[in-house]
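These numbers come from the heavy atoms of this one structure, side chains and all, not from hydrogens, waters or symmetry mates. Remember, predicted model here, so these are calculated numbers, not experimental data.
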Amino acid sequence: MSSYTFSPVALPYGQDALAPVISAETVAFHYGKHLQAYVNNLNAALPGSGFEGKTLEEIVCQSEGGIFNNAGQILNHTLYFTQFKPAGAPGAPTGALAEAIVRDFGSFEDFKAEFQKKGASLFGSGWVWLASDPDGKLVITQEANAGNPLQRGLKPLLTFDVWEHAYYLDYQNRRPDHLAALWQIVDWDVISSRYGK
Ligand code: MN
């Protein structure tokens, strides 16, 4: 297999494990069809593009057009699908990340409210992100389409996908309800580990 052949990240849980926050049907389409299509499109576009052998992060920071769109969506979905845990008691940040959230947003509740507001108000398709700058300061960003804060030198920590394919089967037009429910499945150990790297 060529080094520039990408594949979807392995799901760290079963396709039905996130229900009822995200149904098995949505995971089947979102992971099995949408993410797979981005992977197939990028693998088909790479030969002769000059990006063969580069990492996903390098491609996202250096490319544009179709290569960028598909590479960005693969990176974004990799971070998205690996940040969840099976539905259960909602978790909360701990340690340095918890302290930084209080320092930069006032409280965990204030942070969640701002994050949901930015996700709900993002026009069209895109992603809302929690990211950190090189000094560890936290910011919430809205990125259109396949955008990722990595493109501006920020470290991506947590993301909610606001493309309709992420929620339409379960929530139809109720994007804010979907965003509010996602806190139940965020794996804060994963987010802390991204922040600490
Ligand atoms: Mn998506």
Side-chain angles (χ1 to χ4, degrees), residues 8-14 17-22 26-27 30-31 35 55-58 60-61 71-122 126-163 166-167 171 175-197:
V9 66
L11 286 181
Y13 41 75
L18 305 182
V21 176
I22 302 175
T26 289
V27 175
H30 196 183
Y31 174 82
L35 174 55
T55 66
L56 217 40
E57 288 81 359
E58 288 169 336
V60 164
C61 290
Q73 286 294 73
I74 297 169
L75 178 61
N76 296 353
H77 286 94
T78 298
L79 293 164
Y80 176 82
F81 280 117
T82 57
Q83 70 186 4
F84 295 133
K85 61 176 180 52
T94 56
L97 178 62
E99 291 168 17
I101 285 174
V102 171
R103 180 194 66 207
D104 295 333
F105 301 105
S107 71
F108 183 46
E109 292 306 314
D110 288 337
F111 156 72
K112 287 194 293 183
E114 181 67 16
F115 196 85
Q116 282 177 229
K117 187 174 147 197
K118 288 214 161 123
S121 63
L122 197 165
W127 303 77
V128 58
W129 294 88
L130 174 66
S132 58
D133 76 6
D135 297 325
K137 179 181 165 47
L138 299 173
V139 290
I140 299 172
T141 75
Q142 294 172 313
E143 309 290 340
N145 300 315
N148 187 301
L150 190 67
Q151 296 169 270
R152 294 191 302 284
L154 300 171
K155 186 192 293 181
L157 304 175
L158 167 73
T159 190
F160 288 179
D161 185 346
V162 303
W163 285 61
Y167 60 87
Y171 298 83
R175 186 198 286 184
D177 292 351
H178 170 66
L179 299 179
L182 284 175
W183 301 116
Q184 295 174 52
I185 55 170
V186 171
D187 186 338
W188 286 101
D189 290 342
V190 171
I191 311 306
S192 277
S193 120
R194 289 175 184 170
Y195 182 58
K197 267 182 200 158

Give a yes or no on whether the backbone of [Y] and the side-chain of [X] come within a donor-acceptor separation of less than 3.5 Å.
X	Y	result
E114	F111	no
Q151	N148	yes
T159	W127	no
Y167	L179	no

- Message: Let me confirm one number: the NZ-CD distance from K85 to Q184, rounded to the nearest 0.5 Å.
- Response: 8.5 Å
- Note on the structure: CG of L182 to CG of D177, rounded to nearest 0.5 Å, is 11.0 Å
[X] and [Y]: aromatic ring centres closer than 6.0 Å?
X	Y	result
Y80	W163	no
Y31	H77	no
H30	F81	yes

- Task: Mind running side-chain contact (heavy atoms from CB on, under 4.5 Å) on L97 and R194 for me, showing each step along the way?
- Result: CA-CA 10 Å; L97 178 62; R194 289 175 184 170; over 6 Å; no
- Within-4.5 Å side-chain heavy-atom neighbours: C61 and L150: yes
- Determine, step by step, whether L154 and W129 satisfy the side-chain contact (heavy atoms from CB on, under 4.5 Å) criterion, reporting the C-alpha distance in whole Å, the side-chain angles of both residues, the deciding distance to 0.1 Å, and the verdict. CA-CA 10 Å; L154 300 171; W129 294 88; over 6 Å; no
- Message: Can you tell me how the ring of F160 sits relative to the ring of F115, calling it parallel under 30°, perpendicular over 60° and tilted otherwise?
- Response: perpendicular
- Task: Please check if any side-chain donor atom of Q83 sits under 3.5 Å from a side-chain acceptor atom of W188, or the reverse.
- Result: no
- If you measure only the distance, is there a donor-acceptor pair under 3.5 Å linking the side chains of D110 and S107? yes
Report, one line per pair, each donor and acceptor closer than 3.5 Å where one atom sits in a side chain of residues 137-144; sequence neighbours left out.
residue : atom : partner : partner atom : Å
T141    : OG1  : E143    : OE2          : 2.8
Q142    : NE2  : K118    : O            : 2.7
Q142    : NE2  : S121    : OG           : 3.3
E143    : OE1  : R152    : NH1          : 3.2
E143    : OE2  : R152    : NH1          : 3.3
E143    : OE2  : R152    : NH2          : 2.7

- F84 vs L11, side-chain contact (heavy atoms from CB on, under 4.5 Å): CA-CA, chis, key distance, verdict: CA-CA 10 Å; F84 295 133; L11 286 181; over 6 Å; no
- Message: I need the minimum non-hydrogen distance between K155 and Y195, along with the two atoms involved.
- Response: NZ-O, 3.4 Å
